[in-house]
Amino acid sequence: MRFAKIIAPLCGLAIIGFVIWLMRPIEETDERDLRDSARFHAEFQVGIIELKNAEKEGEQRLILDRLATFLRLQDKTLVLKWIEEFFRSGLDAKLKMRFEPGSGGTMKSWSSLRVFLLDWLLSYDPEMAAEISREMLEGFGSADEWAISLRNLGVLGDPADLRLMEQKTGELIGNEEWLRNPTAGFLEAFDLVVFLGKEDLIPEVADLLNGSQSGAVEFASNLTLNRMVEAYPAETLDHLLSDPASMSAYPEAKAEIFARAEVRTGEGAERVRAYLLSENTSAQELEHFFQTFPHRGRFISNNLLTKSASPPGYEFTIREAAVLARIKQWQVDPEFRQLRPYLFEVEQRLSSQ
């Protein structure tokens, strides 16, 4: 009994001592985290100030490289927490570069620190990149941020994000403010239309070729439709045939799109035939069509998501042989009677090559 009376207080002291022992490393860890967090924020704040003060693009690239290296050397939990806070803060630093995709799905340059971090985050933590990208698409920070966010979701390829990408791509190319002041990122984002291949987006792009948009927007729109007719000919040509007013401000551009059409297949030939025989096709369009048919031009560029490459030379030879055969078939078609002079000119041009 006496022994028990002695042991009880000792046990109580031991428990208290154990609790104190447990609390000590927690406090020390918290203090260390606070110190690390403070140092982390201070380092990055210095980087932001340096970016804003840098006078040349080369200087900014060196600073970005240093910041990226610094981030990779830090505790990942701390980095992700800071990045999340940074994007929600609205802070940014403009860069003396333009938004420009590089080769192999990389970015060559960025228009702001936020765009740079969204791009960097994709390789550092794809899951967080997707989360932040979705959050960016909830607001209207900038067209460049939307472009890189959509690129991230496209690269990650989660089927659940597909509908969101389709919706936001339509909202992006229809944003009146961004249309009035198109940035490089806004224009590069038209690649999403080709990547998604959505029939619903074709009319939205075609409607921009109405003569009221800036030259940059009209170029991006026309380029997109030309790329769409190569990737999705049926959907693109069917829209242009069903809406005669589409691209009416640029008849020659419309003619070139049809001149790109593949006539080796019966369906492709029928769509071109419908265009050539339509009463809505102007004489100006017809003349330009036959001058450029078959259109051999290809757009080779670095894009946000899609890849482009020049086809092998023999592909043009095969295609032109098929066009020549189709031209001869149309020459004996009574409905093409008034177009025969054009058809004979194309035959002569292709036969002499």
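Note that these values count all heavy atoms, side chains included, but never hydrogens, waters or copies made by symmetry.
- Pairing each heavy atom of Leu156 with each of Ala130, the nearest pair is CD1-CB, 3.6 Å.
- A donor-acceptor pair is defined here as one N or O able to donate and one able to accept, closer than 3.5 Å; such a pair exists between the side chain of Lys168 and the backbone of Leu137.
- Annotation: the span from Leu64 atom CG to Thr69 atom OG1 amounts to 10.5 Å, rounded to 0.5 Å.
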Take Leu121 and Leu80 through the side chain to side chain contact (heavy atoms under 4.5 Å, CB included) test and state the conclusion after the steps. CA-CA 9 Å; Leu121 191 57; Leu80 295 179; 4.2 Å; yes
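- Arg349 places a side-chain N or O within 3.5 Å of a backbone atom of Phe293 that can act as its donor or acceptor partner.
- Here the side chains of Ile202 and Glu235 are in contact, with some heavy-atom distance below 4.5 Å.
- Placement of Val46 and Ile83 in two distinct hydrophobic clusters is found when ILVMFWY residues are connected by side-chain heavy-atom separations under 4.5 Å, directly or transitively.
- Around the CZ atom of Phe70, the shell of radius 6.0 Å holds more than 12 heavy atoms that belong to other residues, nucleotides or ligands.
- One hydrophobic cluster, built from ILVMFWY side chains closer than 4.5 Å, holds both Leu162 and Leu201.
- Between the CG atom of Leu304 and the CD atom of Glu100 there is a distance of 11.0 Å, given to the nearest 0.5 Å.
- The shortest heavy-atom contact between Pro182 and Leu179 is CD-O, 3.4 Å.
- Between the side chains of Asp144 and Ser142, no donor-acceptor pair is found at a separation under 3.5 Å.
- Criterion: ILVMFWY side-chain heavy atoms under 4.5 Å apart, direct or through other members. Under it, Phe344 and Tyr342 are not part of a common hydrophobic cluster.
- No side-chain heavy atom of Thr183 sits under 4.5 Å from any side-chain heavy atom of Phe99.
- A side-chain donor-acceptor contact under 3.5 Å links Tyr275 and Glu285.
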Please report the C-alpha distance between Arg163 and Glu166 in whole Å, then the side-chain angles of each, then the deciding distance to 0.1 Å, and finally whether the salt bridge (Lys or Arg N to Asp or Glu O under 4.0 Å) criterion is met. CA-CA 5 Å; Arg163 182 69 189 114; Glu166 294 168 358; 3.4 Å; yes
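- For Arg114 (side chain) and Phe87 (main-chain N/O), a donor-acceptor pair under 3.5 Å exists by modelled atom type.
- The heavy-atom pair separating Leu240 from Ser246 by the smallest distance is CD2-OG, 3.6 Å.
- The distance from the CD1 atom of Ile173 to the CG atom of Leu187 is 12.0 Å, given to the nearest 0.5 Å.
- For Gly47 against Leu67, the heavy-atom pair with the smallest separation is CA-CD2, 4.0 Å.
- No salt bridge links Glu230 with Arg227; every basic N to acidic carboxylate O contact stays at or beyond 4.0 Å.
- Rounding to the nearest 0.5 angstrom, the gap separating the CZ atom in Arg337 from the CD atom in Glu335 is 9.5 Å.
- The nearest pair of heavy atoms linking His239 to Ala206 is NE2-CB, 3.9 Å.
- The backbone N or O of Glu171 sits nowhere less than 3.5 Å from a side-chain atom of Asn175 that would complete a donor-acceptor pair.
- Side-chain contact check for Arg88 versus Glu135: some heavy-atom pair is nearer than 4.5 Å.
- Side-chain contact check for Thr236 and Arg271: no donor-acceptor pair (N or O, by modelled atom type) lies under 3.5 Å.
- Looking at Arg296 and Glu320, a side-chain N of the basic residue comes within less than 4.0 Å of a carboxylate O on the acidic one, giving a salt bridge.
- Between Phe190 and Phe186, the ring planes lie perpendicular to each other; the angle is over 60°, past the 30° to 60° tilted range.
- Between Arg61 and Glu57 there is a salt bridge, since at least one side-chain N of the basic residue sits less than 4.0 Å from a carboxylate O of the acidic one.
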Go through Leu339 and Trp330 one step at a time and tell me if the side chain to side chain contact (heavy atoms under 4.5 Å, CB included) criterion holds. CA-CA 9 Å; Leu339 299 179; Trp330 286 341; over 6 Å; no
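- Side chains of Met165 and Leu196 form a contact here, defined as non-hydrogen atoms less than 4.5 Å apart.
- Trp146 places a side-chain N or O within donor-acceptor distance of the main-chain N or O of Gly139, the cut-off being under 3.5 Å.
- Salt bridge annotation for Arg151-Asp119: present, with a cationic side-chain nitrogen under 4.0 angstrom from a carboxylate oxygen.
- Between the CG atom of Leu150 and the CD atom of Glu188 there is a distance of 13.5 Å, given to the nearest 0.5 Å.
- Side chains of Trp110 and Ile148 form no contact here, defined as non-hydrogen atoms less than 4.5 Å apart.
- Ser351 contributes no side-chain N or O that, together with a main-chain N or O of Gln348, makes up a donor-acceptor pair within less than 3.5 Å.
- Remark: Glu267 pairs with no residue by the side-chain hydrogen bond (donor to acceptor under 3.5 Å, both in side chains) rule, at least two apart or across chains.
- Side-chain atoms of Asn210 come within 3.5 Å of backbone atoms of Asp207 as a donor-acceptor pair (strictly under, hydrogens ignored).
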Apply side chain to side chain contact (heavy atoms under 4.5 Å, CB included) to residues Ile257 and Leu237 and explain how you reach the verdict. CA-CA 8 Å; Ile257 289 176; Leu237 298 178; 4.3 Å; yes
Begin with the C-alpha distance, continue with both residues' side-chain angles, and end with the deciding distance and a verdict on side chain to side chain contact (heavy atoms under 4.5 Å, CB included) for Val194 and Met228. CA-CA 6 Å; Val194 184; Met228 285 292 284; 4.2 Å; yes
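- Between Thr281 and Leu276 the shortest side-chain heavy-atom distance does not fall below 4.5 Å.
- Both Phe140 and Val115 are assigned to one and the same hydrophobic cluster, defined by single-linkage of ILVMFWY side chains at heavy-atom distances under 4.5 Å.
- For the pair Leu153/Ser149, no side-chain contact is recorded, criterion being any heavy-atom separation below 4.5 Å from C-beta on.
- Relative to the ring axis of Tyr124, Lys76 places its NZ or CZ within 45° and under 6.0 Å from the centre.
- A continuous path of ILVMFWY side-chain contacts below 4.5 Å connects Leu277 to Val263, so both sit in one hydrophobic cluster.
- Scanning all heavy atoms of the two residues, the minimum distance from Ala261 to Arg319 falls at O-NH2, 3.1 Å.
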Steps toward ring-ring contact (aromatic ring centres under 6.0 Å, His included) verdict (Phe116, Trp120): CA-CA 6 Å; Phe116 170 80; Trp120 177 84; 7.4 Å; no
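- With contacts defined as side-chain heavy-atom distances shorter than 4.5 Å, the pair Glu256/His288 qualifies.
- Taken from CG in Leu209 to CG in Leu225, the straight-line distance is 6.0 Å, to the nearest 0.5 Å.
- Here the side chain of Ser109 pairs a donor or acceptor atom with the backbone of Arg98 at under 3.5 angstrom.
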